[in-house]
There are 2 protein chains.
Amino acid sequence: MSDKTTVKEMIEIMVRGGWRITEQRRTLAEIFAKSEGYLSPKYVYDQMALSYPSVSFDTVYRNLRLLSDMGALEQFYFMDGGLKFRTSCLNHHHHHLICTNCEKTLTFDYCPMDQGIKLPGKFKLTSHRFEIYGICEECQNAMD
Amino acid sequence: MSDKTTVKEMIEIMVRGGWRITEQRRTLAEIFAKSEGYLSPKYVYDQMALSYPSVSFDTVYRNLRLLSDMGALEQFYFMDGGLKFRTSCLNHHHHHLICTNCEKTLTFDYCPMDQGIKLPGKFKLTSHRFEIYGICEECQNAMD
DNA sequence: ATATTTGCAAACGTTTTGCATGGAA
DNA sequence: TTCCATGCAAAACGTTTGCAAATAT
């Protein structure tokens, strides 16, 4: 159902990029593969520390950046919450519905760029961003 | 033509909020009123320092945050470039076309939320974000 | 064997805080 | 005259870097 990148795919990406597969990187991939939403570097570090008490923050950062550069992770800067990461969906173009409480995401296929929008000026378009924010059902229930 | 917030409007917002109108705050408003795109705190600080050599960085930050909280400024986090600010357009709903080179913005009225998108799950929608990125005509010409 | 990756520590840039002084109301 | 805003300095925060030791290839 989901088209989230799997551990196997992430490791393939690393191998293809010529990187070595260390236990830390495997663990990093597992953490993202089993997570629903956006994760902060600190959360990822804490999770990694469960398996590797001696892991260092800079290793987490380095690998987050590498995976992000390779396209295996998507970055997102939450206005209050800073930079976070989630597995990217490489298979098809879509946008996200993001719960502002738990930061879980749902995908949807509608893309405004397919609608022939009339834009002002003479821009050379390069990319776009469309996200809808809200409170997911679970969080709504939990708030009662 | 433009519906950017003017100096007068920004000062009104400050007065309505019960803030005192200092020379620094007036200057801050002027800098934004005469600017086209997103400004970094550092740039704003440099501009302010032209009028007030003794201005401090924390004053700039405090006032940027205050104006932002009051809705007079919009924040945007550029993935490489950090947090920046521009005057918000309080008059009507619209979205932005952002030049990734000079960070100038153009507005356009099309809003994907008016299109009756079918969304997955049961979300309580709170807000959305739609931006198109590209290179503006001036920057395209300058690149030749 | 050897080149990459790690952990440590220290540096870095940005943003925030506490407090005495200065300035707007 | 009163209280808010400022400037200064220092701290906090997230992230990055240099290097020797450890490890995947």
Side-chain angles (χ1 to χ4, degrees), chain A residues 7 10-31 38-70 72-73 75-85 103, chain B residues 7 10-31 38-70 72-73 75-85 103:
Chain A
V7 172
M10 280 193 265
I11 288 179
E12 262 167 38
I13 287 173
M14 296 196 233
V15 171
R16 232 178 295 136
W19 312 349
R20 297 186 175 174
I21 306 308
T22 63
E23 293 271 16
Q24 291 92 329
R25 284 178 176 167
R26 187 180 300 276
T27 306
L28 192 66
E30 283 163 5
I31 288 168
Y38 284 88
L39 309 181
S40 67
K42 179 163 178 8
Y43 175 87
V44 174
Y45 169 76
D46 289 341
Q47 288 292 304
M48 300 238 350
L50 296 178
S51 313
Y52 295 93
S54 71
V55 75
S56 65
F57 230 96
D58 52 297
T59 296
V60 173
Y61 271 108
R62 270 188 288 242
N63 287 325
L64 286 175
R65 190 145 46 99
L66 283 173
L67 279 168
S68 194
D69 289 346
M70 297 296 281
L73 294 179
Q75 294 184 356
F76 188 94
Y77 192 92
F78 287 86
M79 267 322 183
D80 48 343
L83 191 59
K84 303 198 174 180
F85 298 82
E103 291 169 2
Chain B
V7 172
M10 281 194 264
I11 287 178
E12 264 167 37
I13 288 173
M14 297 195 233
V15 170
R16 232 179 294 136
W19 311 351
R20 297 185 174 173
I21 307 309
T22 62
E23 293 271 15
Q24 289 92 329
R25 284 178 175 167
R26 187 180 300 277
T27 306
L28 193 65
E30 282 163 5
I31 289 169
Y38 285 87
L39 309 181
S40 68
K42 180 164 180 8
Y43 175 87
V44 174
Y45 168 75
D46 289 341
Q47 288 293 305
M48 299 239 351
L50 296 178
S51 313
Y52 295 93
S54 70
V55 75
S56 64
F57 230 97
D58 52 299
T59 296
V60 173
Y61 271 109
R62 270 188 287 243
N63 287 325
L64 286 175
R65 189 144 48 98
L66 284 172
L67 278 168
S68 194
D69 289 346
M70 297 296 281
L73 295 179
Q75 295 184 354
F76 188 93
Y77 191 92
F78 289 85
M79 268 321 183
D80 48 342
L83 191 59
K84 303 199 174 180
F85 298 82
E103 291 170 4

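Being a predicted model, the structure only gives us computed values, none of them experimental. Values below: every heavy atom of this structure, side chains too, minus hydrogens, waters and symmetry copies. Here is the naming used below: chain letters follow the sequence lines, and residue numbers restart at 1 for every chain.
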Q | Distance in angstrom units between Met14(A) CE and dT25(D) C1', rounded | A | 16 Å
**Q.** Pair Tyr52(B)-Gln24(B), side-chain donor/acceptor within less than 3.5 Å
**A.** no
(Q) Just verifying a value: how many Å separate Glu30(A) CD and Leu28(A) CG, rounded to the nearest 0.5 Å? (A) 9.5 Å
(Q) Check this one for me: any side-chain N or O of Gln24(A) less than 4.0 Å away from OP1 or OP2 of dG7(C)? (A) yes
Q) Could you go step by step and tell me if Met14(A) and Leu67(A) meet the side-chain contact (heavy atoms from CB on, under 4.5 Å) rule? A) CA-CA 8 Å; Met14(A) 296 196 233; Leu67(A) 279 168; 4.1 Å; yes
Q.
Give the residues of residues 39-58 of chain A touching DNA chain D, defined as any heavy atom closer than 4.0 Å, sorted by residue number.
A. Pro41(A), Asp58(A)
Q) What's the shortest heavy-atom distance between Met10(A) and Ala29(A), and which atoms? A) CE-O, 3.2 Å
Q: Name all residues meeting the side-chain contact (heavy atoms from CB on, under 4.5 Å) criterion together with Gln75(B); count only those two or more places apart in sequence or in a different chain, and write none if there are none.
A: Met79(A), Ser68(B), Leu83(B), Phe85(B)
Q: Nearest whole angstrom, please: distance from the C1' of dT23(D) to the CH2 of Trp19(A).
A: 18 Å
Q. Taking all non-hydrogen atoms of both residues, which atom of Met70(A) and which atom of Gly17(A) are closest, and how far apart?
A. CE-CA, 3.6 Å
Q) Would you call Glu12(A)-Arg16(A) a salt bridge at under 4.0 Å N-O? A) yes
Q) Considering residues at least two apart in sequence or located in another chain, which fulfil the side-chain contact (heavy atoms from CB on, under 4.5 Å) criterion with Ser40(B)? A) Lys42(B), Tyr43(B), Lys84(B)
Q: Give the intermediate values and the outcome of side-chain contact (heavy atoms from CB on, under 4.5 Å) for residues Ile31(B) and Thr27(B).
A: CA-CA 6 Å; Ile31(B) 289 169; Thr27(B) 306; 4.2 Å; yes
Q | d(CG, Leu83(B); P, dT15(D)) in whole Å | A | 14 Å
Q. Taking Tyr77(A) as the fixed residue, which of Phe78(B), Phe76(B), Tyr77(B) is the one that meets the ring-ring contact (aromatic ring centres under 6.0 Å, His included) rule?
A. Tyr77(B)
**Q.** Inter-end axis angle, the helix from dA1(C)-dT25(D) to dA25(C)-dT1(D), with every axis fitted to five base pairs (rounded, 10 degrees)
**A.** 40°
Q. Residues from residues 62-70 of chain A sitting under 4.0 Å of DNA chain D, heavy atoms only?
A. Arg62(A), Arg65(A)
Q.
From C-beta outward on Thr59(A), which listed nucleotide comes closest to its side chain: dT6(D), dG7(C), dT25(D)?
A. dG7(C)
**Q.** Gap between atoms CD and P, on Glu23(A) and dT6(C) respectively (whole Å)
**A.** 11 Å
Q.
Without decimals, in angstroms, what is the distance between Phe85(A) CZ and dT15(D) P?
A. 7 Å
**Q.** Spacing between Ile21(B) atom CD1 and dA25(C) atom P, to the nearest angstrom
**A.** 6 Å
Q: Spell out yes or no: do the side chain of Arg20(A) and the base of dA3(C) have one donor N/O and one acceptor N/O closer than 3.5 Å?
A: yes
Q: Look at the side chain of Tyr61(A) and decide which nucleotide, out of dT16(D), dT16(C), dA25(C), has an atom nearest to it.
A: dT16(D)
**Q.** Spacing of Met79(A) atom CE relative to dT15(C) atom P, expressed in whole Å
**A.** 11 Å
For residues 54-64 of chain A, dump all side-chain donor-acceptor pairs below 3.5 Å to protein atoms at least two apart in sequence or in another chain.
residue, atom, partner, partner atom, Å
Ser56(A), OG, Asp58(A), OD1, 2.9
Ser56(A), OG, Thr59(A), OG1, 3.1
Asp58(A), OD2, Arg62(A), NH2, 2.5
Asn63(A), OD1, Arg25(A), NE, 2.8
Asn63(A), OD1, Arg25(A), NH2, 3.2
Asn63(A), ND2, Thr59(A), O, 3.2

